[in-house]
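We count ligands from 1, going down the list as the structure has it; atoms in each ligand are counted the same way.
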Amino acid sequence: MRYFIGNWKMFGVPKSINILNKINSFHSTDKNRNKYRVIITPPYTLIESYAKYFKNKKISIGSQNCYQKEQFSSNTAAVSPYMLRSVGAQYTLVGHSDNRGEGDTDSMLKDKVKHALKNNLKVVFCIGENKSEKKNKKTLSILKKQLIKVLEKNFNKNNIIVAYEPIWSIGTGKIPTVSELKKTTIHIKKVLESIFKKNSPAVLYGGSVDGSNVEMFKEIREIDGFLIGGASKSSKKFIDIIKNYYR
Ligand code: PEP
């Protein structure tokens, strides 16, 4: 199974559902439709209405983040996994570099993953090195650290997806080379196998994926799909990614 996950970030109002309707229609009739899943993470404001609308359709709805407590608390503006699940979210991103940059620590991320799983949300756990870490050849050690500090053997790996998103690639149009990315993905899967003592969960790539560069990634069979930011805000761009991947 492959995954195409669209992260809308701070984008979208109720009528933006038109974008998802087009993606859903494409997915429903695509000859490759059983080979992949489409998940979209709109902002919190749209989760309930979109999840209701797409309940028995192809697209699944997720959240871009969740708070590191399970149910209710006194933290202003926080939204817990329990609250997200109660309005129909099926997935949540955890550890996106935007949120790590705003102060999410490994121990907060561990609590997010734990509470999300407990509340039946599937977790898309994001990791990635920054530009200077890459320059100093620290990529593999940074990724290993990000994984082992948060994921635990007793977490249900069937409900976890890992998204490798090099920070220097997000929104920049810069992407790793095929050989770099293959090596990094294999490394991530090895670390995950050692954490879970079984097969690795799915590992996605994210960072400036679009319809013209996605073909390059299909050579890397270790990559189980993509986390797509900018291009997920346009139905045409998002559909082009899927079409070109299977061409
Ligand atoms: C992201 O923010 O998760 C992302 C991958 O963005 P983009 O595709 O725009 O680089």
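- For ligand 1, the atoms closer than 4.0 angstrom to any heavy atom of Gly207 are 5 (C), 10 (O).
- Between the side chains of Tyr36 and Asp30, a donor-acceptor pair is found at a separation under 3.5 Å.
- Taking the charged nitrogens against the carboxylate oxygens, Lys236 and Asp240 do have a contact shorter than 4.0 Å, which makes a salt bridge.
- At the shortest separation from atom 5 (C) of ligand 1 among protein heavy atoms lies Glu165 OE2, 2.9 Å.
- For the residue pair Asn244 and Lys218, no side-chain donor N or O sits within less than 3.5 Å of a side-chain acceptor on the partner.
- Between Lys189 and Asp224, at least one side-chain nitrogen of the basic residue sits less than 4.0 Å from a carboxylate oxygen of the acidic one, meeting the salt-bridge criterion.
- For ligand 1, one of its N or O atoms has an N or O atom of Gly229 under 3.5 Å away.
- Checking Gln64 against Trp8 by side-chain atom types alone, no donor-acceptor pair falls below 3.5 Å.
- Under 4.0 angstrom from ligand 1, the non-hydrogen atoms of Ile170 come from both its backbone and its side chain.
- Of all protein heavy atoms, the one lying nearest to atom 1 (C) of ligand 1 is His96 NE2, 3.3 Å.
- Side-chain atoms of Tyr245 and Arg2 include a donor-acceptor pair closer than 3.5 Å.
- Interface atoms of ligand 1 facing Leu227, defined by a heavy-atom separation under 4.0 Å, are 5 (C).
- For ligand 1, the atoms closer than 4.0 angstrom to any heavy atom of Asn7 are 2 (O), 3 (O).
- Note: an N/O pair closer than 3.5 Å links Gly230 and ligand 1 by distance alone.
- Proximity annotation for atom 10 (O) of ligand 1: of Gly6, Gly173, Gly171, Gly171 comes nearest, heavy atoms only.
- In terms of N/O distances under 3.5 Å, ligand 1 is not approached by Thr172.
- Taking the charged nitrogens against the carboxylate oxygens, Glu70 and Lys118 do have a contact shorter than 4.0 Å, which makes a salt bridge.
- Under the 30°/60° scheme for interplanar angles, the aromatic rings of Phe217 and Tyr205 are found to be tilted.
- Closest protein heavy atom to atom 2 (O) of ligand 1: Lys9 NZ, 2.5 Å.
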